Amino acid sequence: MDLDVLISRIPDVEQHLLRAIELKTVSVVYQSQNALPSEKLVGVEALCRIGSGPIADVSPEEFIPVAEHTGLIAPLERLVLSQVANDLPLLMRHHPNIRVGVNLSIRHITDHDFLPFIHGWLDALPADAVERLDFEITETYFQRISQTVIEGLHTLRKRGVRIVMDDFGSGQSSLSRLHTLPFDVIKLDKQFAQQIDHPMVYAIIKAAITFADEFGIELIAEGVETTEQCLALQAINCRLVQGFLFSHPQPLAHWLSLPIAHAT
Ligand code: C2E
Ligand code: MG
Ligand code: MG
């Protein structure tokens, strides 16, 4: 969509968001994360949708920036978290070892009342659900967080939540600061898997996998759309993937309709 059209839609998107929050028509869909080479389902990522209406096709890539800009991101993400809290025990019953990723905006995390809120939210979950959670924070913003926020993330990790650096390699990351940031997982931005047939991109992915292995960090390659991309990733020891090849984001009912997986 061109920039002028995007800008002209902002007031409509804001109204749509406001209505979705007020009427609680915010919903959550889940996309799988799969292990290689087994392709076994190991996790899902929760992705926000804002219901039906005149611009029902509005995607998170359009409404999340508007939510961040207008301050609606906190109420929006609280609705997402509330839905995830309801869904998590059901997902765990069907898929005992499953992990669930939730995207959190840095605009929300830096709110002064975020930490008490999120600890309260974790307290209300079943004890064994807390350590199934991955909080995903986009790399670009992650790099700019203050020491206070870093300490806050450490308190969450101490409770067993994992912190994920999302869209790794997409922003203006500073590798020199990487070792000061608290994260357990990196999600390699989708542009890498999608351009893996380029020798230089291939070499970068390989280096990222080696780096992650050396530091005991998990790496998930996002945006895997074709069998060729998947096989190329597998050949360089990539063990976790997410993408349309395995699933599009689907409502909870889809994941509950799969056969019950037994804990191994
Ligand atoms: P993300 O966290 O990187 O999530 C992955 C996005 O890539 C999703 O888009 C997903 O549908 C899309 N995707 C997955 N596999 C493929 C693939 O193989 N090819 C392509 N082309 N795309 C793929 P979606 O659902 O439109 O979300 C876009 C972004 O919006 C997310 O990117 C995330 O940054 C943000 N977002 C979504 N829900 C939330 C939320 O509750 N809070 C916050 N802060 N951000 C959210
Ligand atoms: Mg994400
Ligand atoms: Mg991502």
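Every value quoted in this text rests on a predicted model; they were computed, and no experiment measured them. Order of appearance sets the numbers: ligands from 1, and atoms from 1 within every ligand.
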### Summary
To atom 1 (P) of ligand 1, the nearest of D166, V26, V164 on a heavy-atom basis is D166
### Task
Report, in ascending order of atom number, the atoms of ligand 1 lying under 4.0 Å from any heavy atom of R49.
25 (O)
### Query
More than 12 heavy atoms of other residues, nucleotides or ligands under 6.0 Å from NE2 of H69: is that the case?
no
### Task
Say whether Q31 and E45, considering side chains only, have a donor N or O and an acceptor N or O under 3.5 Å apart.
no
### Query
For the hydrophobic clusters of this structure (ILVMFWY residues joined by side-chain heavy atoms under 4.5 Å, transitively), does one cluster hold both L47 and L188?
no
### Query
Numbering the atoms of ligand 1 from 1, which are under 4.0 Å from a heavy atom of E61?
28 (C)
### Query
Considering only heavy atoms of P60, which atoms of ligand 1 have at least one such atom less than 4.0 Å away?
24 (P), 25 (O), 26 (O), 27 (O), 28 (C), 30 (O), 37 (C)
#### Entry: Within-4.5 Å side-chain heavy-atom neighbours: V241 and Q229
no
### Query
Counting backbone and side chain alike, does D189 bring an N/O/S atom below 2.8 Å of the Mg ion (ligand 3)?
no
### Query
Which atoms of ligand 1 have any heavy atom of G243 under 4.0 Å away?
15 (N), 18 (O)
### Message
Tell me the angle that OE2 of E222 and OD1 of D167 form around the Mg ion (ligand 3), rounded to 10°.
### Response
110°
#### Entry: Protein residue, atom and distance nearest to atom 5 (C) of ligand 1, heavy-atom basis
E222 OE1, 3.5 Å
### Task
Report, in ascending order of atom number, the atoms of ligand 1 lying under 4.0 Å from any heavy atom of S105.
44 (N)
### Close approach, Q31 and ligand 1, non-hydrogen under 4.0 angstrom
yes
### Summary
the protein heavy atom lying closest to atom 21 (N) of ligand 1 turns out to be E225 OE2, 3.1 Å
### Query
Closest N/O/S atom of D166 to the Mg ion (ligand 2), by atom name?
OD2
## Note on the structure
Closest heavy-atom approach to atom 34 (O) of ligand 1 among N103, I64, V28, L47 is made by N103
### Summary
Nearest non-hydrogen protein atom to atom 16 (C) of ligand 1, with distance, is F244 CE2, 3.3 Å
## Note on the structure
Of all protein heavy atoms, the one nearest atom 6 (C) of ligand 1 is K190 NZ, 3.7 Å
### Task
Return the residue, atom name and 0.1 Å-rounded distance of the protein heavy atom closest to atom 3 (O) of ligand 1.
D167 OD1, 3.1 Å
### Task
Please assess E14 against T70 for the test side-chain hydrogen bond (donor to acceptor under 3.5 Å, both in side chains), listing each intermediate value before the final yes or no.
CA-CA 8 Å; E14 185 180 351; T70 54; 4.9 Å; no
### Message
Check contact between P249 and ligand 1, using heavy atoms of the residue and a distance below 4.0 angstrom.
### Response
yes
### Query
For ligand 1, which atoms, with element, lie under 4.0 Å from some heavy atom of V224?
18 (O)
### Task
Please state whether the rings of F244 and H248 are parallel, tilted or perpendicular, taking 30° and 60° as the class boundaries.
parallel
### Task
Please write down residue, atom name and distance for the protein heavy atom closest to atom 41 (O) of ligand 1.
C48 CB, 3.4 Å
### Query
Parallel, tilted or perpendicular for H108 and F114, by the 30°/60° rule?
perpendicular
### Message
To 10 degrees, how wide is the angle OE2 (E45) to the Mg ion (ligand 2) to OD1 (N103)?
### Response
90°
### Summary
Nearest heavy-atom approach of F63 to L17 is O-CD1, 3.7 Å
### Message
Less than 4.5 Å apart, side chain to side chain, heavy atoms only: is that true for R107 and Y141?
### Response
yes
### Query
Which single N/O/S atom of E136 lies at minimum distance from the Mg ion (ligand 2)?
OE1
### Query
What residue and heavy atom of the protein are closest to atom 42 (N) of ligand 1, and at what distance?
E77 OE2, 3.0 Å
### Query
With respect to F135, which candidate in I118, I109, V185, V164 satisfies the side chain to side chain contact (heavy atoms under 4.5 Å, CB included) definition?
I118
### Query
Does ligand 1 have an atom that lies less than 4.0 angstrom from a heavy atom of E68?
no
### Message
Only heavy atoms of E45, strictly under 4.0 Å: list the atoms of ligand 1 that pass.
### Response
1 (P), 2 (O), 4 (O)
### Query
Is it the case that S247 and H254 place a side-chain donor and acceptor less than 3.5 Å from each other?
no
#### Entry: Whether Q194 lies under 4.0 Å from ligand 1, heavy atom
yes
### Query
Would you say the side chain of L181 lies within less than 4.5 Å of the side chain of I150, judging by non-hydrogen atoms?
yes
